[in-house]
Amino acid sequence: MQRYSDMTKDELYAEMQRLIGEARKKEQAGFISEANILEQKYYMAKSYLLPPEEIHKGQSYGVAGEKGVFTVRYLNGVFAWGTLEGDEEEVGFPIGRLEPLNCQS
């Protein structure tokens, strides 16, 4: 399989469509953990379509599939590392999972 970093935008979009379609089928068939893995791959592919420079250190974001607010401490490739609100443990998310907050201050 070709690495996401080597794919063109069109290839990444096609891969995202394939992954989300396959994830829906797995979920409908009751294979939830397999659907979750495909969803994570979807977000990784999506991350390669986004410019990392638009994710800012110190800024807070929502995270698809997670509750609470995530504050970015630093970026490493297409991963944002930081903390979820109320938790001191550092975690990383692909930038494709980050969502702008509606009311940032």
Considering only heavy atoms from C-beta outward, does the side chain of Glu15 approach that of Leu12 to under 4.5 Å? no
Below 3.5 Å, can you tabulate the donor-acceptor pairs from side chains in residues 19-34 to any protein atom, sequence neighbours excluded?
unit_1, atom_1, unit_2, atom_2, d
Glu22, OE1, Arg18, NH1, 2.7
Lys26, NZ, Glu34, OE1, 3.0

Which residues share a salt bridge (Lys or Arg N to Asp or Glu O under 4.0 Å) with Asp6, sequence neighbours left out: Arg3
Walk me through it: do Phe93 and Phe70 pass the test ring-ring contact (aromatic ring centres under 6.0 Å, His included)? CA-CA 9 Å; Phe93 294 105; Phe70 175 72; 5.1 Å; yes
When rounded to the nearest 0.5 angstrom, what is the spacing between CD in Glu89 and OG1 in Thr83? 10.5 Å
Classify the side-chain pair Thr71/Ser60 by whether it contains a donor and acceptor separated by less than 3.5 Å. yes
Taking side chain as C-beta onward, heavy atoms only, is Lys57 less than 4.5 Å from Arg73? no
Roughly how far apart are Leu75 CG and Trp81 CH2, rounded to 0.5 Å? 11.5 Å
Quick check: do Val72 and Tyr61 have side-chain heavy atoms less than 4.5 Å from each other? yes
With heavy-atom distances below 4.5 Å as the criterion, would you say the side chains of Val63 and Leu98 are in contact? yes
Where do Leu84 and Lys67 come nearest, in terms of heavy atoms and distance? CD2-O, 4.2 Å
Show me the side-chain donor-acceptor pairs of residues 38-50 shorter than 3.5 Å, one per line, residues at least two apart or across chains.
unit_1, atom_1, unit_2, atom_2, d
Lys46, NZ, Gly96, O, 3.4
Ser47, OG, Tyr43, O, 2.8
Ser47, OG, Ile95, N, 3.4
Ser47, OG, Gly96, N, 2.7

Heavy-atom closest contact (Thr8 atom, Glu11 atom, distance): N-OE1, 2.8 Å
Using only atom types and a distance under 3.5 Å, with no angle test, would you say the side chain of Arg97 pairs donor to acceptor with the backbone of Ala64? yes
